[in-house]
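Notes for the one structure printed next.
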Amino acid sequence: MTEINFKKIKAWPFQEALKLKNRISKMNNKKNVTFETGYGPSGDPHIGTFAEVLRTNMVRNCLKQISNFSTNLITFSDDLDALRKVPDDYPFPEKLEKYINCPLSMIPDFTGKYNSYADRNNNILKDFLNNFGFEYNFISSTGFYKKGKFDKQLLIILKNYDKIMNVILPTLRKERRESYSPFLPICKQSKKVLQVPIKIIDKQNGIIAYKKNNHYEETLVTGGNCKLQWKVDWAMRWSALDVDYEMNGKDLIPSYELSSKISNFIENKVPVNMSYELFLDNKGEKISKSKGNGLSIEEWLEYGSYNSLSLFMYNNPGRAKRLYFDCIPKNMDDYRKLFNNIQNQDDIKKLDNPLWHIHQKKIPSHTYPIDFTNLLNLVTALNTTNASTIKDFVRIYLKESISIAAEKELDNVILLSIQYYKKFILPNINKRKPNKDESKAIKKLVSEIKNLQDHINAEDYQNIIYRIGKEIFPDDLRRWFISLYQILFGSDSGPRLGSFFYVYGKKNVLSLLERSIS
RNA sequence: GAGCCCGUAGCUCAGCGGUAGAGCAUUCGCCUUUUAAGCGAGGGGCCCUGGGUUCGAAUCCCAGCGGGCUCACCA
């Protein structure tokens with residue numbers, strides 16, 4: 001095996017993996033490395049959450065490449081967290097309204113398919129992750145709290161209650177300081193997560209009390225009776241789950257710093273961290289579920305491939321990027337370019353190719369045989385949503401035959417291009433009406449085509465078009481073609497008409513022409 | 001107030017030590033049929049400014065000037 005100097009690899013996941021390896025190497029007896037991504041299932045999974053898992057997995061993949069540590073990736077769902085607001089796009093808002101401040105995992109799923117509201121959102125995320133072929137350990141916060149898997153850390157936090165409060169309180173406003181507590185008791189009657197001041201009753205046995213109506217109610221901090229306020233919760237998880245690496249959006253940089261300080265009073269475990277920039281919508285504003293701006297995972301996948309989405313997520317995580325529909329064609333084409341590049345790259349150069357990271361070093365052997373933008377032009381030019389017509393034209397264009405595997409990719413990308421065309425191109429197309437002369441010529445075209453026998457070839461069509469063009473625009477044949485494109489397709493250029501008519505079929509051609517002059 | 005990101009062609013951006021790049025836009029040329037699903041050729045740049053490091057800086061470091069976002073309530 002040749003020695004590779006990984007410091008020279010520029011790809012960011014390798015640089016992150018090196019940072020992590022250096023840290024881990026200093027620890028004694030460390031054999032397994034844990035990556036964590038956390039998310040709150042308060043609504044449909046956000047594309048940012050998804051990006052975080054994707055990117056974390058890329059770092060994990062690189063660490064495997066440069067070291068012998070075993071690794072695992074935790075996807076942690078903070079589903080004991082309370083519902084604060086009903087998502088705008090939720091189908092049953094009035095039903096959900098009643099459960100404000102209740103843990104997400106204790107709210108029923110009103111769609112009737114899952115065990116709970118959180119379970120639904122968790123499963124949608126898991127489906128996405130599975131489709132991308134990730135290995136991960138999904139952890140439900142609720143499950144861990146209830147099984148007592150956080151009890152040890154909860155007791156340590158209670159023991160160091162004052163020290164932790166001293167770290168947190170200065171970061172809060174006066175009003176919030178009055179009510180703040182790292183422990184949020186879960187009311188046994190209302191099931192609500194309470195944000196109330198607490199009194200410590202028994203540090204040893206983990207008992208606290210909070211004011212309820214006119215008396216003090218006692219509760220255990222352990223066993224899922226209390227949840228931690230999230231910054232403390234985060235720090236607690238690092239210890240309890242032994243987290244070595246975790247990313248976060250730049251909005252959480254101050255929280256990461258605070259949680260790092262808090263962890264000094266738990267078990268002193270702070271993961272290697274990377275912060276990434278947030279995604280922006282087409283106006284340059286942060287995308288969020290509540291605003292519904294930007295793009296969701298589903299929306300991307302409706303018009304673009306999984307791989308194009310992965311590529312977008314791979315590129316420049318440290319930069320604020322506009323995430324909008326127009327990113328899709330560019331990333332579809334970039335993917336194909338990089339795919340072609342990687343075929344001839346040596347083993348070291350491959351490590352810098354985004355595809356190595358996207359595919360977790362298992363590069364596929366084929367991809368779609370035509371650029372997406374090219375295909376979009378074609379679909380636009382043909383002005384059709386018929387997949388087999390489009391495919392026939394792609395065949396003519398490619399000339400050489402394609403493998404069955406590539407053909408499958410082609411079928412898929414044709415469907416995506418049709419979706420894209422319907423949504424973004426078709427609404428803007430303006431076919432114009434023919435003028436008197438043009439109308440006459442098209443009528444003549446119709447009657448000549450009608451008189452031909454059924455199996456006409458492309459050349460025959462082309463000859464008729466030329467002949468009629470010469471009669472009506474003897475000095476400017478070019479204008480004849482442009483006119484036809486404008487009238488039939490709503491654009492100034494298009495496919496060679498003879499070939500198009502041939503592929504499109506006599507019946508379809510006649511109806512297209514007749515419609516244009518009606 | 002603090003933190004993060006960005007300033008490169010008209011626009012959107014890539015490049016991140018070794019000749020300044022792509023797509024779109026623009027200009028010109030090319031259909032009596034051999035890919036107009038366009039094709040070919042061009043124009044367009046103090047790589048924000050000023051210092052530093054270097055044989056060499058758009059690229060690395062420092063300072064400044066612009067622009068944007070985020071956090072300081074919740075997560």
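Being a predicted model, the structure only gives us computed values, none of them experimental. Side-chain atoms are counted along with the backbone in the values below, which use heavy atoms only and exclude waters and symmetry mates. A, B, ... follow the sequence lines: proteins, then strands. Residue 1 opens every chain.
In this pair, A/Tyr504 and A/Phe500 present their aromatic rings parallel. The plane angle is below 30°, not in the 30 to 60° band.
A gap of 14 Å separates the C1' atoms of B/A57 and B/U8, to the nearest Å. Comparing the P positions of B/C5 and B/C61 gives an interatomic distance of 11 Å, to the nearest angstrom. Taking the P atoms as reference points, B/C16 lies 14 Å from B/G21, given to the whole Å. Here the separation of B/A22 from B/G44, taken at their C1' atoms, is 15 Å to the nearest Å. Of the P atoms belonging to B/A41 and B/G23, the separation is 12 Å, rounded to the nearest Å. On the P atoms, B/G45 is 15 Å away from B/A20, given to the nearest whole Å. Taking atom P on both B/U49 and B/A9, the two are 11 Å apart, rounded to the nearest angstrom. Nucleotides B/G18 and B/C60, compared at atom C1', are 15 Å apart to the nearest Å.
Under the 3.5 Å distance criterion, with hydrogens and angles disregarded, no donor-acceptor pair is assigned to the side chains of A/Trp480 and A/Glu438. In the model, A/Arg467 has no side-chain atom that pairs as donor or acceptor with a side-chain atom of A/Gln462 under 3.5 Å. With no hydrogens or angles considered, no side-chain donor-acceptor pair links A/Asn341 and A/Asn353 at under 3.5 Å. Looking at A/Tyr421 and A/Asn383, their side chains do bring a donor and an acceptor atom within 3.5 Å of each other. Between the side chains of A/Asn307 and A/Tyr335, at least one donor-acceptor pair of N or O atoms lies under 3.5 Å. If you check the side chains of A/Ser308 and A/Trp300, you find a donor sitting under 3.5 Å from an acceptor. Looking at A/Ser388 and A/Asn386, their side chains do bring a donor and an acceptor atom within 3.5 Å of each other.
Looking at heavy-atom distances under 4.0 Å, A/Gly498 makes no contact with the nucleic acid at all. Using a 4.0 Å heavy-atom distance criterion, A/Ile396 is classed as a base contact. Looking at heavy-atom distances under 4.0 Å, A/Phe481 makes contact with a base. Within the nucleic acid shown, A/Val394 comes within 4.0 Å of at least one base atom, counting heavy atoms only.
Cation-pi geometry between A/Lys250 and A/Tyr276 is not met: the NZ or CZ atom fails to fall both under 6.0 Å from the ring centre and inside 45° of the normal. With a 6.0 Å cutoff to the six-membered ring centre and a 45° limit on the axis angle, A/Lys423 does not count as a cation-pi contact of A/Tyr303. Note that A/Arg237 lies in the cation-pi zone of A/Phe76, set by a 6.0 Å cut-off to the ring centre and a 45° limit from the axis.
The distance between atom CZ of A/Arg322 and atom C1' of B/C69, rounded to the nearest whole Å, is 15 Å. Note: CG (A/Leu338) to C1' (B/A14) measures 11 Å, nearest angstrom. Atom CG of A/Asp460 is separated from atom C1' of B/U33 by 13 Å (rounded to the nearest Å). To the nearest angstrom, C1' of B/G23 lies 15 Å from CZ of A/Phe372. Nucleotide B/C5 holds its P atom 14 Å from the CG atom of A/Leu280, rounded to whole Å. For the pair A/Tyr502 OH and B/U35 C1', the interatomic distance rounds to 16 Å; values are reported in whole Å. The CZ-P distance, from A/Phe279 to B/U70, rounds to 15 Å in whole Å. Between A/Asn315 atom CG and B/U12 atom P there is a gap of 19 Å when expressed in whole angstrom units.
Counting heavy-atom neighbours within 6.0 Å of A/Lys126 NZ, excluding the residue itself, gives a total above 12.
Residues A/Glu277 and A/Lys470 each lie close to RNA chain B; by heavy-atom proximity, the contact nearer the 5' end of the strand is made by A/Glu277. Remark on RNA chain B: of its neighbouring residues A/Lys337 and A/Leu378, the 5'-side contact belongs to A/Lys337, judged by nearest-heavy-atom nucleotide.
In terms of polar N and O atoms assigned as donor or acceptor, the side chain of A/Asn463 comes within less than 3.5 Å of the base of B/U33 in a complementary pairing.
Distances shown here put a side-chain N or O of A/Lys10 below 4.0 Å from the OP1 or OP2 atom of B/C16. Within the structure, every side-chain polar atom (N or O) of A/Arg319 is placed at least 4.0 Å from both OP1 and OP2 of B/C4. A close approach under 4.0 Å does occur between a side-chain nitrogen or oxygen of A/Asn316 and OP1 or OP2 of B/G15.
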Between protein and nucleotides 58-62 of chain B, what N or O pairs are separated by less than 3.5 Å?
none

Dump every N/O contact between nucleotides 71-75 of chain B and the protein below 3.5 Å, one line per pair.
| unit_1 | atom_1 | unit_2 | atom_2 | d |
| --- | --- | --- | --- | --- |
| B/C73 | OP1 | A/Arg173 | NE | 3.0 |
| B/C73 | OP2 | A/Arg173 | N | 3.1 |
| B/C74 | OP1 | A/Arg176 | NE | 2.3 |
| B/C74 | OP1 | A/Arg176 | NH2 | 3.2 |
| B/C74 | O2' | A/Arg84 | NE | 2.9 |
| B/A75 | OP2 | A/Gln229 | NE2 | 2.6 |
| B/A75 | N7 | A/Trp230 | NE1 | 3.0 |

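Of the nucleotides present, B/C71 is the one that pairs with B/G1 by Watson-Crick or G-U wobble criteria, both distances under 3.5 Å. B/C39: Watson-Crick or G-U partner is B/G29, with both key distances under 3.5 Å. Under the Watson-Crick and G-U wobble criteria, each requiring two contacts below 3.5 Å, nucleotide B/U12 is paired to B/A22.
Residue A/Tyr466 and nucleotide B/U33 are classified as a stacked aromatic pair, their ring centres being separated by less than 5.5 Å at an interplanar angle below 30°.
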